[in-house]
Amino acid sequence: MFVLQQRLERSFARILGVILVSATLPAALAAQGTALGVDTTNFDTSVRPKDDFFEYVNGTWLEETEIPDDRSSYGAFVELREESERALRAIVEEAAAANDSQPGTDLWKVGALYRSFMDTGRIEELGITPVQPYMAQVEAIDDIGDLAGAFAHFRKLGITTPLGFYVGQDAKASDTYIVYFSQSGLGLPDRDYYFREGAEFDETRAAYLAYIEDLLRLADHEDPAAAAERIMALESRLAEYHWERARNRDRNATYNRFTVAELQELSPVFDWSTFLTEAGAGEVDEVIVRQPDYIEGMNEVLAASSPQDWRDYFTFHLLDAAAPYLSSEFVKSHFEFHGSTMQGLEVNRPRWKRGVDVVDGLMGEALGRMYVERHFQPEARARMQELVDNLRAAFAEGIGTLEWMSPETQAAARAKLAKFNTKIGYPDEWQDYSALEVREGDLVGNLLRGSEFGYNEMIDHLGEPVDREEWGMTPQTVNAYYSSTMNEIVFPAAILQPPFFNVAADDAVNYGAIGAVIGHEISHGFDDQGRKSDGDGNLRDWWTAEDAAAFEARADRLVEQYNSYNPVD
């Protein structure tokens, strides 16, 4: 999936929204723009548009707006996300306060989930008790042979393991689902954090080691300092075999089909059949391995490690996953590393916001249905579809003007564009949460059962036809995406709000604002990644060799330009 950058400044969005209407208007008339859907309150009319149009449009906002303490950046996307967040807060707090909701209904589950997070008295009283049964499961790892079952078990619970495992569309046969394996297992963002030199990386590694030790100390580990060293060493060994980010972007290099027998030969220390059986995929014959040499490397790490290494490793990653939902000392430790050290945040987000996130994460579409009922105008779908259709037509016309692309590839590109599916606002069929068990006052248990619920839904895809009506984002998400395997562009209801989209606004404003988002997502179907899939979503080369070379040459020039920038020494 490809998503819009989350750090677009609101000022940029304002330019998109007014460029077609304000560039030709004197400042004295700009205030009339609100009737067209243009917010002029951010203008700095002391600046002449012809001298500095950016400052004219955004000057007041730039002068008056500060980044909140609980944010690392701020702009149009963040502002609209906060608006969506406030709308969700009203919904979940009403659900939590409802005395007449029927237990077991979506409304009751939403309320119970939120209540379980907001009941800080009970959370403080319980301390580490909620995770102790799972820590006992970790302690049951007696030898390396136990790891296949442990990896599968903790994957179901959403706990980090060295083996990434998921079910998704087969990239070369997009009408079927298949099992994927990938590198995983690190507590830091990627391999560079373990090996790159420099004071910044040294400080991050030291902070991570201290964080590991702190969580283990809070959990009364008998020797947290020594265990932290073992965990860091184990993750560093795994990181040695991790592919770098650029290599992981190569969609052909990360598509490697293996039989289960071949997988067993690749990594003989690990019992793959046991893992697949325990994972609920025991009938699978073939899988896709994204990084085969990582699997080989993992085999070496397994062979050289001890059961104690893995008990320490899983104890920490269990605690790391649970820490935001345990007593305040765990929450504080988790935020100081993940929030302050890694993101530069000054304060943790207010508890109600984190509570909304819990409900959103576990019951996103149930919450989305309630959001749509209150905040999405039915006529917005038809209006948005018209914008999409017009931009697709313009894009198709633009393909024909590419002097460097041959008629053969142009025809194939237009054929792909014609097959684009568009999803707007919300899914036509909502997710069923009847199998999700929510218990009053059991926050950690609810979260772990929620992970298993989502996992089981994923596994159930195996052997079934691909569900092309399924959404990869909830309606309340302020974002949009293009999916190469679905060959679709998706615009959730929450981004179809001002300043990006306004049913009452002039067409010029909507084309300038949400039109840029639509064009952005369409272009993903033809960028360095999306262009590798055809109109049916299958990974295959539909370009002539000459056209592909011409594309790469132009892309290289953009890379060269970007590499010349150095905003921070």
Side-chain angles (χ1 to χ4, degrees), residues 134-135 137-167 179-195 205 208-209 211-212 215-216 227-245 247-248 254 256 258 260 263-281 287-322 451 455 458:
Y134 304 96
M135 292 175 67
Q137 294 169 356
V138 172
E139 288 302 311
I141 298 174
D142 287 329
D143 57 55
I144 299 301
D146 293 334
L147 290 181
F151 282 18
H153 175 65
F154 290 115
R155 170 62 183 86
K156 292 178 182 179
L157 298 178
I159 309 302
T160 295
T161 80
L163 188 62
F165 168 84
Y166 63 95
V167 174
V179 163
Y180 282 83
F181 286 110
S182 68
Q183 64 188 29
S184 187
L186 307 183
L188 292 172
D190 62 38
R191 72 182 313 279
D192 284 355
Y193 282 80
Y194 292 84
F195 305 120
R205 285 189 287 269
Y208 183 50
L209 190 65
Y211 170 60
I212 297 172
L215 281 193
L216 294 176
E229 293 286 354
R230 287 194 294 269
I231 293 164
M232 190 68 170
L234 181 60
E235 290 190 12
S236 297
R237 292 198 297 273
L238 289 170
E240 290 179 13
Y241 300 102
H242 270 236
W243 289 16
E244 296 177 348
R245 291 193 180 193
R247 192 179 178 194
N248 275 317
T254 54
N256 306 279
F258 282 78
V260 175
L263 193 58
Q264 191 63 60
E265 291 179 9
L266 189 68
S267 179
V269 172
F270 192 75
D271 188 341
W272 293 93
S273 293
T274 294
F275 175 88
L276 287 167
T277 298
E278 294 296 320
V287 301
I288 305 300
V289 178
R290 287 178 50 80
Q291 305 93 359
D293 45 350
Y294 170 76
I295 300 299
E296 288 183 291
M298 188 185 76
N299 185 76
E300 300 305 313
V301 174
L302 291 173
S305 58
S306 70
Q308 185 60 53
D309 292 336
W310 293 105
R311 288 194 292 269
D312 291 336
Y313 173 90
F314 279 116
T315 297
F316 163 66
H317 282 289
L318 170 63
L319 292 169
D320 182 45
S451 292
Y455 178 90
M458 175 190 73

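Here the structure is a predicted model, which means the values were calculated and not measured.
You'll find the side chain of Phe258 stays beyond 4.5 Å of the side chain of Phe181, heavy atoms only. Using a 4.5 Å cut-off on side-chain heavy atoms (C-beta onward), Pro162 and His317 make no contact. Side-chain contact between Thr160 and Tyr313 is present, with heavy atoms from C-beta onward closer than 4.5 Å. Within the 4.5 Å cutoff, the side chain of Tyr194 has no heavy atoms near those of the Leu238 side chain.
Going from atom CZ of Phe195 over to atom NE2 of His242 covers 9.5 Å, rounded to the nearest 0.5 Å. With values rounded to the nearest 0.5 angstrom, Arg247 atom CZ is found 11.5 Å from Arg290 atom CZ. Here Asp309 contributes atom CG and Phe314 contributes atom CZ; the two are 11.5 Å apart, rounded to the nearest 0.5 Å. Here CD1 of Ile231 is found 7.5 Å from OG1 of Thr315. Values are rounded to the nearest 0.5 Å. Remark: Ile159 CD1 to Tyr134 OH distance equals 9.0 Å, nearest 0.5 Å. Between atom CD of residue Glu240 and atom CZ of residue Arg191 there is a gap of 8.0 Å, rounded to the nearest 0.5 Å.
Pairing each heavy atom of Leu319 with each of Met135, the nearest pair is CD2-SD, 4.3 Å. The two atoms that bring Ala152 and Ala279 nearest to each other are CB-N, 3.9 Å, heavy atoms only. Minimum heavy-atom separation, Asp143 to Pro307: CA-CG, 3.7 Å. Here the closest heavy-atom approach between residue Leu209 and residue Ala228 is recorded as CD1-O, 3.4 Å.
Proximity of a side-chain donor or acceptor of Asp146 to a complementary backbone N or O of Gly149 within less than 3.5 Å is not detected. No donor-acceptor distance shorter than 3.5 angstrom exists from the side chain of Arg155 to the backbone of Gly164, with no hydrogens or angles considered.
Taking the side chain to side chain contact (heavy atoms under 4.5 Å, CB included) definition, one finds that Gln291 meets it with Ser182, Gln183, Trp243, Asn248, Asp293, Tyr294, sequence neighbours left out. Scored by the side chain to side chain donor-acceptor pair (under 3.5 Å) test, Trp272 finds no partners at all (sequence neighbours excluded). With sequence neighbours excluded, the residues that form a side chain to side chain donor-acceptor pair (under 3.5 Å) with Asp320 are Tyr211, His338. Residues passing the side chain to side chain contact (heavy atoms under 4.5 Å, CB included) test with Ser184, sequence neighbours excluded: none.
Among pairs with a residue in residues 227-236, those fulfilling salt bridge (Lys or Arg N to Asp or Glu O under 4.0 Å) read Arg230-Asp312, at least two apart in sequence or across chains. Applying the salt bridge (Lys or Arg N to Asp or Glu O under 4.0 Å) definition to pairs two or more places apart or across chains, none involves residues 268-277.
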Step by step, would you call Leu147 with Ile144 a side chain to side chain contact (heavy atoms under 4.5 Å, CB included)? CA-CA 6 Å; Leu147 290 181; Ile144 299 301; 3.9 Å; yes

Verdict with reasoning, Tyr241 to Glu296, per side chain to side chain contact (heavy atoms under 4.5 Å, CB included): CA-CA 8 Å; Tyr241 300 102; Glu296 288 183 291; over 6 Å; no

Go through Ile288 and Thr254 one step at a time and tell me if the side chain to side chain contact (heavy atoms under 4.5 Å, CB included) criterion holds. CA-CA 8 Å; Ile288 305 300; Thr254 54; over 6 Å; no

Given Met232 and Arg205, is the side chain to side chain contact (heavy atoms under 4.5 Å, CB included) satisfied, shown in steps? CA-CA 9 Å; Met232 190 68 170; Arg205 285 189 287 269; 3.9 Å; yes

Would you please test Phe151 and Phe270 for ring pair (Phe, Tyr, Trp, His ring centres under 6.0 Å) and show each step? CA-CA 10 Å; Phe151 282 18; Phe270 192 75; 5.2 Å; yes

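Ring planes of Phe316 and Tyr208: perpendicular class, angle over 60° (limits at 30 and 60°).
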